[in-house]
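For reference, the structure discussed in these notes is given below.
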There are 2 protein chains.
Amino acid sequence: MLRLSKLTDYAVVVLARLGAEGGVQTAPGLAAGTGVAEPTVAKVLKILAHHDLVEGQRGARGGYRLMRPLRDMPLSTVIAAIEGPIALTACVDNGFGSCEAEGVCAVRGRWDPVNRAIRDALAGITIADLAGPTVHASFSAAAE
Amino acid sequence: MLRLSKLTDYAVVVLARLGAEGGVQTAPGLAAGTGVAEPTVAKVLKILAHHDLVEGQRGARGGYRLMRPLRDMPLSTVIAAIEGPIALTACVDNGFGSCEAEGVCAVRGRWDPVNRAIRDALAGITIADLAGPTVHASFSAAAE
DNA sequence: TTATACCGGACCGCTGTGGTCCTGTTTGCC
DNA sequence: GGCAAACAGGACCACAGCGGTCCGGTATAA
Ligand code: FES
Ligand code: FES
């Protein structure tokens, strides 16, 4: 089905919400705002923080803050953050020795253009595009 | 990782081989030619036959035959055959009621352009492209 | 000092996938 | 007419990955 993980979907939702609200938002707050279970939201945020898409501020009155406006955040980045590198095949881009049939394999390495095509398609769409006109707040609008 | 199933990979390999050899090939023969385990090849072929990409001929001297030249077989078709419809999100294209958060969800239905982009990218590449110059035989070359 | 909220990880049930196998059924050939 | 080859259509199981939850630790503001 070529489906990407639910976590990624949640990530987009959370990011969209974060962008719409602006400023610093707490995980429980975002959970309430998006309707996603709170532990899950926390997990997503943690992952995103790891990849410098959001920044966590600890302590009371803490929360998460976007590190980039949503329009500068291509979808591919988010996917890569949560799902890992974008590569369609098991016999990955330049990884040799992964498949035992690579000697006789006719399509050895030929997946690269496909990967590239997908990656480009994903890089051309920002979270702002996904969030759509819902983003009426804060610095995203100010930047416009 | 946005990875597609190994079966799909095998399908492409088998199809490439089938196109390279031309005519009717048996599953064991293709297994030997590709280096993929024979039961797996059989499984793949059966699925492909179900979707009218190849045609199975039963009985002794039977085998499988391509129903279309590889250059008329976009990658999206093969993927769709093996993995099912191409849709990235859990909250699928027009499927409502699947997600409990769809009321508050900010990106409700916004994945469609992404899906479309992916689908287009995948439709623009044929198996012949993946098989590359290896396709030197039969009617694929004759069509050229 | 205390409450809040992030941080880092461990943990488990479930689904889907990869892979094998077995029982028909069809068809060509001896 | 009988036999072997090869497809058809399942059932079947082991495994990995994912979704989702929870807990102990730490930083920080009131
Ligand atoms: S299938 Fe593994 S190298 Fe081609
Ligand atoms: S996450 Fe399910 S409707 Fe948006």
Side-chain angles (χ1 to χ4, degrees), chain A residues 1-11 13-14 18 23-32 34-65 67 79 81-85 88-91 98-101, chain B residues 1-11 13-14 18 23-32 34-65 67 79 82-84 88-91 98-101:
Chain A
M1 210 222 293
L2 199 66
R3 70 176 216 277
L4 45 78
S5 89
K6 233 180 203 172
L7 266 289
T8 308
D9 194 14
Y10 292 157
V13 175
V14 169
L18 200 47
V24 174
Q25 298 292 324
T26 79
L30 289 171
T34 57
V36 184
E38 193 242 304
T40 304
V41 171
K43 185 174 198 172
V44 169
L45 263 329
K46 274 185 277 190
I47 300 177
L48 292 178
H50 250 236
H51 290 258
D52 296 323
L53 293 179
V54 301
E55 191 185 30
Q57 188 168 347
R58 307 173 73 158
R61 284 293 301 162
Y64 287 97
R65 186 173 60 85
M67 297 203 69
I79 295 183
I82 298 204
E83 318 232 358
L88 287 185
T89 60
C91 311
S98 28
C99 181
E100 77 278 0
Chain B
M1 212 219 292
L2 198 66
R3 71 176 216 277
L4 45 77
S5 90
K6 236 180 203 171
L7 266 289
T8 308
D9 195 13
Y10 292 157
V13 175
V14 168
L18 200 47
V24 174
Q25 298 292 323
T26 79
L30 289 170
T34 57
V36 184
E38 193 243 303
T40 305
V41 171
K43 185 175 195 169
V44 169
L45 263 329
K46 274 185 277 191
I47 299 178
L48 292 178
H50 247 236
H51 289 258
D52 296 323
L53 293 179
V54 300
E55 190 186 31
Q57 188 169 344
R58 306 174 73 159
R61 285 294 301 161
Y64 287 96
R65 185 173 60 83
M67 296 204 67
I79 295 183
I82 299 204
E83 318 231 358
L88 288 186
T89 59
C91 312
S98 28
C99 182
E100 76 281 358

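Convention: sequence-line order gives letters A, B, ...; per-chain numbering from 1.
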Per side chain to side chain contact (heavy atoms under 4.5 Å, CB included), A:Thr34 is matched among A:Leu18, A:Val44, A:Val13 by A:Val13
Which residue pairs satisfy the salt bridge (Lys or Arg N to Asp or Glu O under 4.0 Å) criterion with at least one member in residues 41-65 of chain A, sequence neighbours excluded? A:Glu55-A:Arg65
If you round to the nearest 0.5 Å, how far is CD1 of B:Ile47 from CG of B:Leu7? 5.5 Å
A:Tyr10 vs A:Thr40 side-chain heavy atoms within contact, under 4.5 Å: yes
Closer than 4.0 Å, any side-chain N/O of B:Thr40 to the OP1 or OP2 of C:dT20? yes
How long is the line joining NZ of A:Lys6 and P of D:dT21, in whole Å? 11 Å
All N/O pairs under 3.5 Å across the protein-nucleotides 13-15 of chain C interface:
none

Is the shortest heavy-atom distance from the side chain of A:Val24 to the side chain of A:Gln57 under 4.5 Å? yes
Measure CD1/B:Ile82 against P/C:dG19 and give the value in whole Å, please. 12 Å
What's touching nucleotides 13-16 of chain D from the protein side, N or O pairs under 3.5 Å?
none

Could you pull out all residues at least two apart from B:Pro39 that satisfy side-chain contact (heavy atoms from CB on, under 4.5 Å)? B:Ala37
Contacts of A:Thr26 meeting side-chain contact (heavy atoms from CB on, under 4.5 Å) (sequence neighbours excluded), chain-then-number -> A:Pro28
Might you work through the side chain to side chain contact (heavy atoms under 4.5 Å, CB included) test for A:Leu45 and A:Leu30, ending with a clear yes or no? CA-CA 10 Å; A:Leu45 263 329; A:Leu30 289 171; 4.0 Å; yes
Gap between atoms CD and P, on B:Gln25 and D:dC7 respectively (whole Å): 11 Å
Of all the heavy-atom pairs spanning A:His51 and A:Ala81, show the shortest one and how long it is. NE2-O, 3.3 Å
For the side chain of B:Pro28, starting at C-beta, report the closest nucleotide among C:dC6, C:dT20, D:dC7. D:dC7
Would you say a side-chain N or O of A:Tyr10 is under 4.0 Å from OP1 or OP2 of D:dG20? yes
Please tell me if the side chains of B:Thr8 and B:Glu83 come closer than 4.5 Å, counting only heavy atoms from C-beta onward. yes
Under 4.0 Å from any atom of DNA chain C, heavy atoms only: list the residues of residues 42-61 of chain B that qualify, in numerical order. B:Lys43, B:Arg58, B:Gly59, B:Ala60, B:Arg61
Which heavy atom of A:Gly56 sits nearest a heavy atom of A:Tyr64, and at what distance? CA-CD2, 3.6 Å
When you match A:Glu38 and B:Thr8 each to their closest nucleotide on DNA chain C, which lands nearer the 5' end? A:Glu38
Consider the side chain of B:Ser5, meaning its heavy atoms from C-beta on, and name the nucleotide among C:dT17, C:dG19, C:dC6 that approaches it most closely. C:dT17
